[in-house]
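Notes for the one structure printed next.
By convention in this document, chain letters (A, B, ...) are assigned in the order of the sequence lines, proteins followed by strands, and residues within each chain are numbered from 1.
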Amino acid sequence: MPELPEVETVRRDLAPLVAGRRIEAVEVDPASAPLLLGNTGIDAFRAALVGRRFLGIGRRGKYLLFELDDGNTLVAHLRMTGRLVWRRHAAPPEPYQRAMLELDDGHDLRWSDLRKFGTWRLVADPNDAVGKLGPEPVDDGFTLPGFRTALKGRSAPIKSVLLDQRRVAGIGNIYADEALYEARIAPSTAAGQIGPASAKRLHAAVRSVLERGIANRGASFKDYVDGAGQQGHQQMFVQVFRRTGKPCYACGSMIERVVIGGRSTHFCPRCQRTPRRRPARAR
DNA sequence: CGTTACCTGAAA
DNA sequence: TTTCAGGTAACG
């Protein structure tokens with residue numbers, strides 16, 4: 001569920017609340033622990049965290065990086081339905097609450113996750129937990145030449161390449177569809193077939209849809225909430241995502257839905273066309 | 001490369 | 001009853 005803008009919103013909400021706080025206690029639902037913690041047992045996990053203080057929270061792609069005062073990092077991924085919210089000790093459990101960290105100021109960091117796909121990993125080097133991630137798209141490291149190299153020679157549909165975290169970090173299904181709409185590119189277009197002008201539009205569109213998503217505190221279509229448990233607003237401003245059968249705001253054509261790489265994909269068949277490289281001129 | 005599995009629930 | 005779901009790892 002949460003993509004870069006949603007994860008960044010949670011990070012910004014929680015960072016000032018946890019910075020400097022000490023972890024007093026750790027609770028993990030035993031039934032959820034194997035998927036959440038992987039090979040680490042609950043006792044070992046608790047022993048490693050209790051008494052530690054948070055320094056701050058970073059983010060890489062869709063991962064949250066909770067920096068601890070012993071140099072280790074708690075790397076969290078919300079996957080589809082994970083939530084991290086800040087609550088008073090006395091507050092009732094969240095729906096589908098699976099774990100919590102009790103802090104020294106009367107509050108808890110509550111983890112809930114209906115589908116249990118989310119992960120927590122305690123590591124010395126966050127790079128060990130995030131895999132091979134491409135550049136941060138809302139950052140100077142995301143350059144047009146680098147983006148063009150990522151597309152070059154690839155026969156996969158551009159939609160799939162945008163979702164490939166090794167190419168660009170943090171884009172998910174909502175913002176992939178929205179960026180392709182903004183760049184006026186059909187999602188089925190082979191990535192390698194995208195010419196310089198289209199690549200430039202898409203590069204700019206990726207940045208702008210993500211920045212708008214952050215400005216609107218993320219998109220809450222179903223499960224996503226921010227660090228205070230509140231919904232985001234970006235779902236009210238999407239152009240194509242889950243607008244199947246509704247009119248395109250630009251041309252009035254019906255938005256269509258197809259499946260690409262196993263993911264629902266929404267686009268305007270009139271506004272979004274397959275860009276053609278400039279055909280080679282005769283002689 | 002595309003498909004399947006992980007898990008639970010809501011909606012069609 | 002069947003399909004679908006803001007993600008990703010592991011398949012073939």
Could you work out, with side chain to side chain donor-acceptor pair (under 3.5 Å) as the rule, every residue matching R46(A), not counting sequence neighbours?
D43(A)
Under the side chain to side chain donor-acceptor pair (under 3.5 Å) test, which residues partner Q234(A), sequence neighbours left out?
N216(A)
Could you check whether P157(A) gets within reach of a base, just the sugar-phosphate, or nothing at all, counting any heavy atom under 4.0 Å?
sugar-phosphate
Whole-Å distance separating the CG atom of L36(A) from the P atom of dC6(B):
18 Å
For R22(A), the side chain to side chain donor-acceptor pair (under 3.5 Å) test, sequence neighbours excluded, returns E24(A)
Contact list for DNA chain C against residues 236-244 of chain A - heavy-atom distance below 4.0 Å:
F241(A), R242(A)
Given atom CG of D223(A) and atom C1' of dG7(C), what is their separation to the nearest angstrom?
13 Å
In whole angstroms, the gap separating C1' of dA5(C) from CG of N173(A) amounts to 10 Å
Rounded to whole Å, how long is the line connecting atom CE of M80(A) with atom C1' of dC6(B)?
11 Å
Counting runs of three or more consecutive pairs, Watson-Crick or G-U wobble, with each distance below 3.5 Å, where are the stems of DNA chain C?
B:1-6 with C:7-12, B:8-12 with C:1-5
Using atom P of each nucleotide, how far apart are dC7(B) and dA10(C) to the nearest Å?
15 Å
Taking the basic N atoms (NZ, or NE/NH1/NH2) and the acidic carboxylate oxygens, is any pair closer than 4.0 Å for E136(A) and R60(A)?
yes
Between A186(A) and I158(A), what is the shortest heavy-atom contact and its length?
O-CG2, 3.6 Å
To the nearest Å, how far apart are I158(A) CD1 and dC1(B) P?
12 Å
So S264(A), base contact, sugar-phosphate only, or nothing? Heavy-atom distance under 4.0 Å.
sugar-phosphate
Between N or O atoms, less than 3.5 Å apart, protein on one side and nucleotides 8-12 of chain C on the other: list the pairs.
from   : atom 1 : to     : atom 2 : distance (Å)
dT8(C) : OP1    : H77(A) : NE2    : 2.9
dT8(C) : OP2    : K62(A) : NZ     : 2.8

Of all residues at least two apart in sequence or in a different chain, which pass the side chain to side chain donor-acceptor pair (under 3.5 Å) check with H266(A)?
D177(A)
Apply side chain to side chain contact (heavy atoms under 4.5 Å, CB included) to R115(A) and list each qualifying residue two or more places apart in sequence or on a separate chain.
M80(A), T81(A), F117(A)
Shortest non-hydrogen contact from Y181(A) to C268(A)?
CE1-CB, 4.0 Å
For atom C1', what is the distance between dA5(C) and dC1(B), given to the nearest Å?
24 Å
Under-3.5 Å N/O pairs linking protein and nucleotides 9-11 of chain B:
from   : atom 1 : to     : atom 2 : distance (Å)
dG9(B) : OP1    : Y96(A) : OH     : 3.4

Side-chain N or O of K116(A) closer than 4.0 Å to phosphate OP1/OP2 of dC6(B):
no
Check this one for me: any side-chain N or O of T81(A) less than 4.0 Å away from OP1 or OP2 of dA5(C)?
no
Tell me if a side-chain donor or acceptor on S188(A) pairs with a main-chain N or O of P157(A) at a distance below 3.5 Å.
no
Whole Å only: how far is the CG atom of D164(A) from the P atom of dT3(B)?
16 Å
Rounded to whole angstroms, how far apart are CD1 on I260(A) and P on dA5(C)?
13 Å
For C271(A) and A250(A), work out which heavy atoms get closest and say how close.
SG-CB, 4.0 Å
Over how many whole Å does the gap from D29(A) atom CG to dT8(B) atom C1' extend?
14 Å
Does the side chain of E182(A) pick up a donor-acceptor pair with the side chain of S208(A) at under 3.5 Å?
yes
Sequence neighbours excluded, every pair satisfying salt bridge (Lys or Arg N to Asp or Glu O under 4.0 Å) that has a member inside residues 240-250 of chain A:
none
Kindly list each side-chain donor-acceptor pair under 3.5 angstrom involving residues 256-265 of chain A, sequence neighbours excluded, with atom names and distances?
from    : atom 1 : to      : atom 2 : distance (Å)
R257(A) : NE     : S264(A) : OG     : 2.7
R257(A) : NH2    : S264(A) : OG     : 2.7
T265(A) : OG1    : K159(A) : NZ     : 2.9
T265(A) : OG1    : R263(A) : O      : 3.0

Filter on ring pair (Phe, Tyr, Trp, His ring centres under 6.0 Å), then keep only pairs touching residues 24-62 of chain A, sequence neighbours left out; what's left?
F45(A)-W120(A), F54(A)-F66(A)
